[in-house]
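Inspection log for the structure reproduced underneath, given as structure tokens.
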Amino acid sequence: LVLPALYWFGSKPERRNRVIGLMLIVFLAVAFIANRFFHPLDEVSEEPFLHKLFRYSFLPHIYLFLWGVLLQRLSIEQSRWIAGKGLVWLAAYLAFHYLVPYNTASHLAGFLLLGIAVISMAYTKPQLSERLLHGNDISYGVYIYHGLVLNIFVELGHLGSWSQVAAVAILTLMAGYLSWVLVERPFLRRKRQTIHPVSTSTAELKS
């Protein structure tokens, strides 16, 4: 619901990046204020309803999405400073995470840096995922369902062993695969235009 509104504000393509950048700054400020004034979850015994409603809305988190949209629109994966430099950006992120003192600003900056590191990693060995997954894009399903699987384990009290970590990972990968096969791929085939083409050959449809 938010993305169409965002693109409506930036209806002219030549100013869309500026609008997205401005909205990113606005929601970074919102996230900064939220992190300063809302206590961490492990310190909240009875969180007020309005606080909880705000925390689980898009407002304090959408800056991450906007950051991804802006990076995609700027095509940073084509930059020689990004493509093929995954280990460099990963090392930079880890150094920042462990060496920079924690505060609200470094917390938010760390997430922005992580976004660049993830894209750089993805475009360092892009053929690797094709060899491993054979065109099955499970990334979005993993993103959506990993929290659900993890919370089921937490609610059931299954914590504290590596076997349970492995079980969470396996179930999450299975959920991601089923999401791709049963939901995402069929809907992508219905799109007339997409930045993620999905083959619709007769042989593949029959399979």
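The residues of the chain are indexed from 1 along the displayed sequence. The structure presented is a predicted model; accordingly, all values stated were derived computationally and were not measured. These numbers come from the heavy atoms of this one structure, side chains and all, not from hydrogens, waters or symmetry mates.
- Legend: ring-ring contact (aromatic ring centres under 6.0 Å, His included) pairs involving residues 128-150, not counting sequence neighbours, sorted by first then second residue: Y140-Y143.
- For E130, the side chain to side chain contact (heavy atoms under 4.5 Å, CB included) test picks out no residue, with sequence neighbours left out.
- Note that the CZ atom of F153 and the CG atom of L148 stand 11.0 Å from one another [nearest 0.5 Å].
- Partners of F54 under the ring-ring contact (aromatic ring centres under 6.0 Å, His included) rule, at least two apart in sequence or in another chain, are F38.
- Not counting sequence neighbours, the partners of I170 by the side chain to side chain contact (heavy atoms under 4.5 Å, CB included) test are M174.
- L70 and N17 get closest at one heavy-atom pair: CD1-O, 3.9 Å.
- When the side chains of ILVMFWY residues are joined at heavy-atom separations under 4.5 Å, either directly or via intervening members, I144 and F187 end up in two distinct hydrophobic clusters.
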Atom pairs and distances, donor-acceptor, side-chain atoms in residues 81-100, under 3.5 Å, two or more places apart:
residue, atom, partner, partner atom, Å
K85, NZ, R80, O, 3.0
W89, NE1, W81, O, 2.8

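- Here the side chains of R185 and L188 are not in contact, with every heavy-atom distance at 4.5 Å or above.
- Counting only distance, with no hydrogens or angles, the side chain of N35 and the backbone of F32 share no donor-acceptor pair below 3.5 Å.
- Hydrophobic clustering, with ILVMFWY side chains joined whenever heavy atoms are under 4.5 angstrom apart, keeps I152 apart from V165.
- Among residues at least two apart or in separate chains, there is no side-chain hydrogen bond (donor to acceptor under 3.5 Å, both in side chains) pair with a member in residues 18-34.
- Put simply, CZ on F65 and CG on L24 are 12.0 Å apart, with the number rounded to the nearest 0.5 Å.
- Residues passing the side chain to side chain contact (heavy atoms under 4.5 Å, CB included) test with M23, sequence neighbours excluded: L6, V19, F27, L66.
- L22 is not connected to I20 by any chain of hydrophobic side-chain contacts under 4.5 Å among Ile, Leu, Val, Met, Phe, Trp and Tyr, and they are in different clusters.
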Donor-acceptor contacts under 3.5 Å from residues 106-115 side chains, at least two apart:
residue, atom, partner, partner atom, Å
S106, OG, P101, O, 3.0
S106, OG, N103, N, 2.8
S106, OG, N103, O, 3.0
S106, OG, N103, OD1, 3.3

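- A continuous path of Ile, Leu, Val, Met, Phe, Trp and Tyr side chains, each step under 4.5 Å between heavy atoms, connects M121 with L74, placing both in one hydrophobic cluster.
- In this structure, the separation between CG on L132 and CD1 on I138 is 9.5 Å, given to the nearest 0.5 Å.
- Taken together through direct or relayed side-chain contacts under 4.5 Å among Ile, Leu, Val, Met, Phe, Trp and Tyr, I76 and Y63 form part of one hydrophobic cluster.
- Taking the side chain to side chain donor-acceptor pair (under 3.5 Å) definition, one finds that T124 meets it with nothing, sequence neighbours left out.
- Other residues, nucleotides and ligands place no more than 12 heavy atoms under 6.0 Å from the CD atom of E155.
- Residues that satisfy the ring-ring contact (aromatic ring centres under 6.0 Å, His included) test with H158, not counting sequence neighbours, are absent from this structure.
- Among residues at least two apart or in separate chains, side-chain hydrogen bond (donor to acceptor under 3.5 Å, both in side chains) pairs with a member in residues 164-178 are S161-Q164.
- Take S139 and apply the side chain to side chain donor-acceptor pair (under 3.5 Å) test, not counting sequence neighbours, and it matches D137.
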